[in-house]
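Just so you know, residue 1 is the first one in the sequence shown, and it goes up from there. Excluded from the calculations below are hydrogen atoms, water molecules and symmetry mates; all remaining heavy atoms, backbone and side chain alike, are included.
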Amino acid sequence: MVRKYFVQQLGLLLMVSVIIILTNVIGYKMPVKDSIIGVLLLSAISLIGLTISKFMSRFVKLPSMMYVSLLGLLLACPVSPVKDIVVGTTSSVAFLAPATALGAFAGISLGKDLKDFAKMGWKLVLITLFVITGTFIFSALVADDVLKMTGAI
């Protein structure tokens, strides 16, 4: 059962990795070799975190994202013996490259369920559009402020 899950997650991560590498190389002009190595490391962290989540689900039900994030944080924290390798390798992956792939998958998912979504009523559709728009605008404003404070822009 765990082997089947592992293979399934590996296949999904490989598909997403190809999209992220292409986005990173074409959209952000990063070197191909560095992009591949960085994305493979991020995929390995994700796969290990997902596998830990599968094992731990027998004992406690927590989101897989928690295990993936925690593993990434532990590997990149200042006391980690592999932090220089992790940070150095993954720094060649543009932060927005994975977001592009995520947005594409979210768009495909939303388009697939659009008819069911519209059946819920026009009020819910309107509220959802306001929430999505507000989230996007305020996220952009926060990101802009943080980038200005850090001197990135």
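At a threshold of 4.5 Å between side-chain heavy atoms, the hydrophobic network of Ile, Leu, Val, Met, Phe, Trp and Tyr places Ile137 and Val142 in two separate groups. When hydrophobic clusters are built by joining Ile, Leu, Val, Met, Phe, Trp and Tyr residues whose side-chain heavy atoms come closer than 4.5 Å, directly or via intermediates, Leu71 is grouped together with Phe59. In this structure, Met66 is a member of the same hydrophobic cluster as Val60, with clusters built from ILVMFWY side-chain heavy atoms closer than 4.5 Å. Val39 is not connected to Leu41 by any chain of hydrophobic side-chain contacts under 4.5 Å among Ile, Leu, Val, Met, Phe, Trp and Tyr, and they are in different clusters. Cluster membership check: Val93 shares its hydrophobic cluster with Ile36, using side-chain heavy-atom separations under 4.5 Å among Ile, Leu, Val, Met, Phe, Trp and Tyr.
Residues Ile21 and Val25 are in side-chain contact: their nearest non-hydrogen atoms beyond the backbone lie under 4.5 Å apart.
Expressed to the nearest 0.5 Å, how far CG of Leu47 lies from CG of Leu40 amounts to 11.5 Å. Atom CG of Leu10 is separated from atom CE of Met15 by 10.5 Å, given to the nearest 0.5 angstrom. The NZ atom of Lys61 sits 11.5 Å away from the CE atom of Met56 when rounded to the nearest 0.5 Å. Separating the OG1 atom in Thr90 from the CD1 atom in Ile45 is a distance of 7.0 Å, to the nearest 0.5 Å. Once rounded to the nearest 0.5 Å, the distance linking CD1 of Ile20 with OG of Ser43 reads 6.5 Å. Annotation: the span from Leu141 atom CG to Phe136 atom CZ amounts to 9.5 Å, rounded to 0.5 Å.
Remark: the backbone N or O of Val131 is paired with a side-chain donor or acceptor of Thr135 at under 3.5 angstrom. Side-chain N or O atoms of Ser17 include one that pairs as donor or acceptor with a backbone N or O of Leu13 at under 3.5 Å. Remark: the backbone N or O of Thr89 is paired with a side-chain donor or acceptor of Ser92 at under 3.5 angstrom.
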Run the numbers on Leu74 and Leu70 for side-chain contact (heavy atoms from CB on, under 4.5 Å), then give the verdict.
CA-CA 6 Å; Leu74 289 174; Leu70 187 60; 4.2 Å; yes
List the steps, then state whether side-chain contact (heavy atoms from CB on, under 4.5 Å) holds for Leu50 with Phe6.
CA-CA 8 Å; Leu50 289 169; Phe6 183 84; over 6 Å; no
Apply side-chain contact (heavy atoms from CB on, under 4.5 Å) to the pair Met149 and Val146, showing each step before the final yes or no.
CA-CA 5 Å; Met149 285 190 298; Val146 169; 4.3 Å; yes
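The minimum heavy-atom distance between Met30 and Ser35, with the atom names listed, is CB-OG, 3.5 Å. Here the closest heavy-atom approach between residue Gly49 and residue Tyr67 is recorded as O-CB, 3.5 Å. Across Ser91 and Gly88, no two heavy atoms sit closer than the pair OG-O, 2.9 Å.
Within 6.0 Å of CG in Leu147 there are more than 12 heavy atoms belonging to other residues, nucleotides or ligands.
Applying the salt bridge (charged side-chain N to carboxylate O under 4.0 Å, His left out) test to residues at least two apart or on different chains, the pairs with a partner in residues 139-153 are Asp144-Lys148.
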